[in-house]
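A, B, ... follow the sequence lines: proteins, then strands. Residue 1 opens every chain. All values derive from a computational prediction rather than experimental measurement.
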Amino acid sequence: MIVETEGLTKRYGSTTVLNGLDLTVAEGAVLALLGPNGAGKTTTIRVLSTLTRPDGGTARVCGFDVVREGADVRGVISLTGQYAAVDEEQTGRENLVMIARLRRFARPAARARAVELLERFGLTDAADRRVRTYSGGMRRRLDLAMSLVARPRLLFLDEPTTGLDPVSRTTMWDAIGDLVRDGVTIFLTTQYLEEADRLADRIVVLHNGGVVADGTADALKNSVGGTRLDLVFSSAEDALRARDVVGGAVDGPTLSVPSDGSAVHLHRVLDDLLAARAGVLRVSAHRPTLDDVFTSLVLADATAMAGVTA
Amino acid sequence: MTASVTMIGRSIRLSRRNFDLVIMAIVLPVLMMALFVYVFGGAISTSVQSYVDYVVPGILVLCTGYGATSTAMSVTDDVQKGVVDRFRSMPISGFSVLTGHVVASVARNALATSAVVLVAVLMGFRPAATVGEWVLAMGLLLLYVLALSWLAAAFGVIARTVESASLLGFFMLFIPYLSSAFVPVATMPPWLRAVSEHQPITPVIETVRALLNGQPVTSGWLALAWSGGLLVVAFGWATWLFGRISRR
Ligand SMILES: Nc1ncnc2c1ncn2[C@@H]1O[C@H](COP(=O)(O)OP(=O)(O)OP(=O)(O)O)[C@@H](O)[C@H]1O
Ligand SMILES: [Mg+2]
């Protein structure tokens with residue numbers, strides 16, 4: 001296990017941000033940490049990357065304790081925080097060369113590495129401009145490039161693609177893919193569930209200081225329910241009539257019917273509707289998305305909490 | 001070691017690009033000197049000539065105050081902006097991040113000192129020092145500036161906002177007036193005189209003044225002890241504080 005936490009707690013004043021967090025990450029995995037704003041995702045990453053001390057519990061990274069063996073931890077990780085940590089008054093190139101030098105690259109190697117990363121993140125044209133003049137997305141790209149200067153064993157990415165255009169996002173995803181093939185473990189947080197779906201082989205949902213769901217994207221989706229058929233009619237009346245035949249829930253001219261996702265079931269629904277002379281205009285099948293998972297988890301948890309306090 | 005060199009390069013580049021910082025470091029001390037020599041000089045002393053000779057060491061120490069303030073402010077800025085978070089997550093010592101700031105601070109001060117001495121000479125400053133005395137005077141100033149820069153770095157780490165870091169400037173600019181920088185302590189009321197005679201700046205100024213004007217040095221060891229002691233304490237304090245950022 002490259003990351004192992006046990007009963008990790010962190011408080012800021014009277015707010016308990018992490019409340020006995022237990023989390024393990026296997027080497028080579030891509031873990032996506034999800035959670036609503038303020039769930040403690042950034043705090044978790046800050047504790048694991050030795051930026052913030054936990055108040056209780058233990059956390060080990062590559063077997064090193066984040067509190068007692070911080071220097072060893074820093075030797076194997078790399079971090080892109082939620083907010084760009086770049087020098088505004090240096091150029092993009094200078095920022096990259098600086099990090100490469102700090103990573104013990106010799107001067108020519110540092111320069112070469114900077115050129116390579118500027119190219120990869122589409123910053124070659126802006127390389128010799130001060131970062132102050134960069135757009136938000138350019139700054140973010142530089143920030144990411146800076147954490148990819150050296151190949152770490154564990155890479156923390158806190159909302160790596162927030163604010164990036166689709167092209168840059170794909171660049172980032174490709175870069176992450178390359179690292180994963182190299183055996184780098186990725187620990188990322190994101191608000192884009194599509195991103196988690198695409199990149200992560202394991203998703204952990206954080207809420208109220210603890211883990212509320214943990215598993216592959218598919219497992220999480222299945223936990224919310226199976227496939228749903230959306231049947232669209234020409235009018236709401238038609239939809240209501242169809243509901244009397246096949247069941248389901250109506251929303252305007254749309255009828256949603258739970259399904260097992262099989263062709264046989266779809267056939268039967270359409271045959272029944274045809275017999276009842278309810279004309280279906282369009283049919284679409286939906287797997288639950290991570291958004292559904294997320295919403296149901298967070299809502300369920302909020303209801304449970306309300307129940308406790310009531 | 002490479003890390004410290006890289007950080008020094010960074011801080012020097014950043015201060016070169018911060019025009020306000022350069023203005024603050026060089027122009028202000030020069031203006032202060034003109035003010036003292038031409039505006040107060042006549043009232044305080046018998047002749048402009050002798051007052052220039054008297055006041056230059058005081059101005060040099062005053063400019064270390066400006067320098068220290070801008071150092072504290074840039075350290076705070078770094079810590080608050082999150083750049084330091086990146087450095088703190090990397091396998092480099094906190095010592096090297098602060099070393100960058102301190103060395104840049106010393107370099108800015110060296111520039112300011114040269115500017116002040118140059119302008120002073122234009123105003124009639126005629127130091128009687130030998131080359132050896134110049135070296136000793138500048139060496140002592142360097143040690144003092146180094147100590148003060150580490151102290152400023154420590155303040156910079158403590159301060160949560162750049163504005164509160166700039167408060168250091170208030171003290172740094174005030175303290176030299178309670179010393180022999182601008183008027184001999186003999187002219188002060190007894191209680192103030194006691195304070196002035198026993199604060200660290202007075203022996204430093206007295207030693208630099210004696211060296212530059214070719215007079216016998218009386219408080220050299222005291223100046224050295226104060227500066228060296230301050231350096232050791234400030235260095236230890238600053239690096240200790242830096243290590244504690246993670247406890248916030
Ligand atoms: N330095 C701090 N001082 C006080 N409270 C803090 C501090 N840092 C974080 N918090 C609090 O801790 C909680 C968790 O913050 P954190 O940044 O870890 O959330 P997050 O899951 O990353 O949220 P987001 O999705 O908005 O980035 C929040 O309630 C926040 O207000
Ligand atoms: Mg966050």
Q) Tell me, side chain or backbone of A:D143 under 4.5 Å from chain B's heavy atoms, or both, or neither? A) both

Q) Who wins among A:R104, A:R130, A:R46 for the most heavy-atom pairs under 4.5 Å with chain B? A) A:R130

(Q) Would you compute the distance between atom CG of A:D22 and atom OG1 of A:T58 and round it to the nearest 0.5 angstrom? (A) 8.5 Å

**Q.** Portion of B:S89 that has a non-hydrogen atom of chain A nearer than 4.5 angstrom
**A.** both

Q) Any idea which of A:D55, A:T52, A:V47 has the most non-hydrogen atom pairs under 4.5 angstrom with chain B? A) A:T52

Q. Heavy-atom distance under 4.5 Å between the side chains of B:R88 and B:F242, does that happen here?
A. yes

Q) Is it the side chain or the backbone of A:F156 that comes within 4.5 Å of chain B heavy atoms, both, or neither? A) neither

(Q) Need one label for A:S78: side chain, backbone, both or neither, based on atoms under 4.5 Å from any heavy atom in chain B. (A) neither

Q: Considering non-hydrogen atoms only, spot the tightest contact between A:V67 and A:P54 and give its length.
A: CG2-CD, 3.6 Å

Q) Which heavy atom of A:L48 sits nearest a heavy atom of A:T5, and at what distance? A) CD2-CG2, 3.9 Å

Q | Winner by heavy-atom pair count (cut-off under 4.5 Å) against chain B, out of A:M146, A:E94, A:E89 | A | A:E94

**Q.** Between B:W226 and B:Q199, a side-chain donor and acceptor under 3.5 Å
**A.** no

Q) How are the rings of B:F95 and B:F235 set relative to one another: parallel (under 30°), tilted (30 to 60°) or perpendicular (over 60°)? A) perpendicular

Q. In terms of heavy-atom pairs under 4.5 Å with chain B, which of A:L79, A:T50, A:I77, A:D87 leads?
A. A:D87

Q | Pick from A:V97, A:L51, A:I99 with the largest number of heavy-atom pairs that fall under 4.5 Å of chain B | A | A:L51

Q | Pick from B:D78, B:N18, B:V84, B:D85 with the largest number of heavy-atom pairs that fall under 4.5 Å of chain A | A | B:D85

(Q) Quick check: closest heavy atoms across B:S227 and B:L140, and the distance to 0.1 Å? (A) OG-CD1, 4.1 Å

